[in-house]
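The analysis underlying the following values was restricted to heavy atoms, covering all of them including side chains, and did not include hydrogens, waters or symmetry mates. Note on naming: letters A, B, ... go to the chains in the order of the sequence lines (proteins, then strands), and numbering restarts at 1 for each one.
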Amino acid sequence: MRTKLNLRESDPKLYLPERAKILKIKDFTENEKFFELALLDRPKLGHVPGQFLQVSVLGIGEAPISISSAPAEHNRFDMCVRAIGDVTKKLHTLNVGDIVYIRGPFGNGFAEKTLSTMLGKHLLFIVGGLGYAPLRSLINKVVPERDKYKKISVLYGCRTSKDRMYAHELDELSKIGGNVELLETVDKADENWTGSCGVITTLIPKIDFNPNETIAMVVGPPIMYKFVLKALLEKNMPKENIYIDLERRMKCGVGKCGHCQMEGIYVCQEGPVFNYAEVEKNEELL
Amino acid sequence: MSAQTPEFVITKKDLLQGLDKALADYQVAALTKKDDRVLYDIIKSPTEVVFDYQPTVLSPKKFFFPQDETILEYTADGKISAKIEAKPTVLFGIRPCDLNGFKILHEAFADDHGDPNYLAKVEQTVVIGIDCEKICDKDAFCFKVGSQDATGGFDLMLYEIADGYAIEIATDKGSQFISKYLTTSKANGDEITSCQAKKAANFGQEKPFKNLAKLPELFEQNKHHAVWDQEGSRCLSCGSCIMVCPTCYCFDVGDEWQLNLKKGERVRKWDACMVTPFAAVGSGENFRHTATYRLHHRINRKFNFLMKKHNQAVCVGCGRCVRACLADISPKRIAEAIGADS
Ligand SMILES: Cc1cc2nc3c(=O)[nH]c(=O)nc-3n(C[C@H](O)[C@H](O)[C@H](O)COP(=O)(O)OP(=O)(O)OC[C@H]3O[C@@H](n4cnc5c(N)ncnc54)[C@H](O)[C@@H]3O)c2cc1C
Ligand code: SF4
Ligand code: FES
């Protein structure tokens, strides 16, 4: 954890959000919607994969939402929202053309330094449910540049085939071939599902990887981490090669309100992406 | 603290006159009395100042970090602006524990991102401290955590002498305040040293924890000490300890429309990591679901996590949480249980 103070001048815009206009909305599942938005007052978001925004609906409140698109040179970006409470349910009632307000990007994400350690390696994405939303910002960056990596494996698990997010993009991903592979599983198969059935850890033995040459990115519901980490460690993957992306309650996004703290670590500042080796001893991790 | 050389002394009469003069340009808050209770509040006349210190329920952090504060205003048609309010303010008669609290909060709100609402108030405020000659009551333990002397957080510091005060100047703001409002005379130079000698005699054998500097390490090693459950199992999760704490600064943020739905605002409010839902997330997980975990977190913020950053104990020993807690939980007792003094 960061143990030095870094005193700054007052930032008059710290809590002042900016406008973003909804360009496109798609229903993914009963509870999850896709939004494409455009910044109105700046040419681009300027994020790195894995960062998040504080998204507000005026009069309702603010919620942390991952940026779901890869870094880009234009003003558009994506997010995917699960309706769960006040802000997220209100977001689901909005229409194309409506304005939402955002602050950020916040958090560390997969910064340039981390990304450079991935070059030439086998990238192993292990994603559960809504975890695809944040990891898509990295997947959609590395897949078009796939020649720079040894291999890209995406393991995706969700409850039923109806809960697949970005279903169309997953289908595309599965067709790329070459050094890109997609393995999927569902907890409960229905008549439309012909693929694997079982928890996400059942996919791990199905891929061929050299643990020392592989970097794993794990994102999913809290319960998933324990099982996936155990499975990876049993395969002798070094802890330094594992990244996890965590969810915490967040009110400010800028290291003040205290809600996201995990022992001494402010997840909104030093995370939400963590190298497992650096945080494994943190007792509030999982 | 090293002995300071005062440049000026002031009589009590001149000090009160100075405050009266300052009332024309500043709102002045000081220790005062309302319905037989002492508290820090805005005063209209220097005659309202209570000089004989008694611990207050709330700390004076409320003048920099109010319990409710609007940070954003907007209209239904989408006009939105930051709301940053600060009035020229004098905080008079703040004691060392709370001054250390100010120093820590000033740092916390400036760390990595400069919080505009908090820092605007710091800029507009002149803080005048008064040193404590003796320990204020049985619950205070400033001397255990190195907080009986102020390490910062003030512009001017007053030390009581025969018919007034010796003045230590910490900032330019303080020295400008003197030249504009206070009628002083030249000090001999040894006033503070003799005040400190008197203070040392009054504090007597009350010395800092033997392992004060090593508290972060000790707390790190004692995550599973029996004391956490012993104390935590009594906790009512009421959050009173946090409301009264001079160095707690967690907050919640919420939106409110006015009744006519034309205007709304975003308000931040004090929040408390001791209350059950503080670390709950949408998926149903609560990362600190028992009072024991929450107590562990709160006390570790004071003596471990944040102490490492601020380089001083973030519990300033004011004793307010001890007085407020219905379950008789004390940070001092917890620190002692894990070996702070042995
Ligand atoms: C870094 C990060 C990235 C995220 N990315 C995404 C994303 O891409 N997409 C997405 O959909 N979500 C994402 N989330 C989760 C999302 O932020 C939350 O679901 C959201 O904050 C809920 O806000 P709300 O106002 O809709 O719900 P709220 O009204 O705040 O409540 C939602 C739920 O939270 C719990 N809760 C709230 N208040 C309390 C309380 N007082 N006591 C107990 N429980 C309470 C309850 O279970 C409640 O049903 C992310 C979270 C983080 C931290
Ligand atoms: S420690 Fe005491 S004051 Fe604090 S939450 Fe528990 S019961 Fe309330
Ligand atoms: S979200 Fe407020 S401190 Fe991290």
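Residues B:D252 and A:H259 bring no donor and acceptor atom of their side chains to less than 3.5 Å of each other.
Within residues 262-286 of chain A, the residues having any heavy atom closer than 4.5 Å to a heavy atom of chain B are A:E263, A:G264, A:Y266, A:Q269, A:K281, A:E283, A:E284, listed by residue number. The interface of residues 58-75 of chain B with chain A, defined by heavy-atom distances below 4.5 Å, comprises B:I71, B:L72, B:Y74. Within residues 116-126 of chain B, the residues having any heavy atom under 4.5 Å from a heavy atom of chain A are, by residue number, B:P116, B:N117, B:L119. For residues 83-101 of chain A, the interface with chain B (any heavy-atom pair closer than 4.5 Å) comprises A:I84, A:Y101, sorted by residue number.
A pairwise comparison of heavy atoms in B:E107 and A:L7 identifies O-CD2, 3.5 Å as the closest pair. The minimum heavy-atom distance between A:R248 and B:V281, with the atom names listed, is C-CG1, 3.3 Å. In this structure, B:W257 and A:G59 approach most closely via the heavy-atom pair NE1-CA, 3.4 Å.
Proximity of a side-chain donor or acceptor of A:R249 to a complementary backbone N or O of B:A279 within less than 3.5 Å is not detected.
Using a 4.5 Å cut-off between heavy atoms, B:K223 touches chain A through its side chain atoms alone. Looking at B:L306, the atoms closer than 4.5 Å to chain A (heavy atoms on both sides) all sit in the side chain, from C-beta outward. Both the backbone and the side chain of B:A82 come within contact range of chain A, judged by heavy atoms closer than 4.5 Å. Only the side chain of B:E285 comes within contact range of chain A, with at least one heavy atom under 4.5 Å from a heavy atom of that chain. If you measure heavy-atom distances from A:P221 to chain B, you find no contacts under 4.5 Å at all. The parts of B:H310 that come within reach of chain A are both its backbone and its side chain, each placing non-hydrogen atoms under 4.5 angstrom from that chain. Heavy atoms of A:R2 lying under 4.5 Å from chain B belong to its backbone as well as its side chain. Both the backbone and the side chain of B:H113 come within contact range of chain A, judged by heavy atoms closer than 4.5 Å.
A salt bridge between A:K256 and B:D115 is absent, with no side-chain N of the basic residue lying under 4.0 Å from a carboxylate O of the acidic one. Ion pairing of B:D111 with A:K4 is absent here, as no side-chain N (NZ or NE/NH1/NH2) approaches a carboxylate O to less than 4.0 Å.
Using a 4.5 Å cut-off on side-chain heavy atoms (C-beta onward), A:K251 and B:D271 make no contact. Looking only at side-chain heavy atoms (C-beta outward), B:R266 and A:S56 come within less than 4.5 Å of each other.
The choice from A:C257, A:S10, A:G258 that makes the most heavy-atom pairs within less than 4.5 Å of chain B is A:C257. Of the listed residues (B:A108, B:A280, B:G284), the greatest number of heavy-atom pairs within a distance under 4.5 Å of chain A belongs to B:A280. Contact tally against chain A (heavy-atom pairs below 4.5 Å) for B:H106, B:K83, B:H224: the top residue is B:H224.
With a 6.0 Å radius and a threshold of 12 heavy atoms from other residues, nucleotides or ligands, B:K263 has its NZ atom at or below the threshold. Summarising the local packing, CZ of A:F34 is surrounded by more than 12 heavy atoms from other residues, nucleotides or ligands at distances under 6.0 Å. B:K214 NZ: 12 or fewer foreign heavy atoms inside a 6.0 Å radius. Shown here is A:R159, whose CZ atom has no more than 12 heavy atoms of other residues, nucleotides or ligands within 6.0 Å.
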- Item | Test side-chain contact (heavy atoms from CB on, under 4.5 Å) applied to B:I80 and A:L16, step by step | CA-CA 8 Å; B:I80 181 164; A:L16 181 68; 4.2 Å; yes
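In this structure, CG in A:N6 is found 9.5 Å from NZ in B:K309, a value given to the nearest 0.5 Å. Rounding to the nearest 0.5 Å gives a distance of 7.5 Å between CG of B:D255 and CD1 of A:I60.
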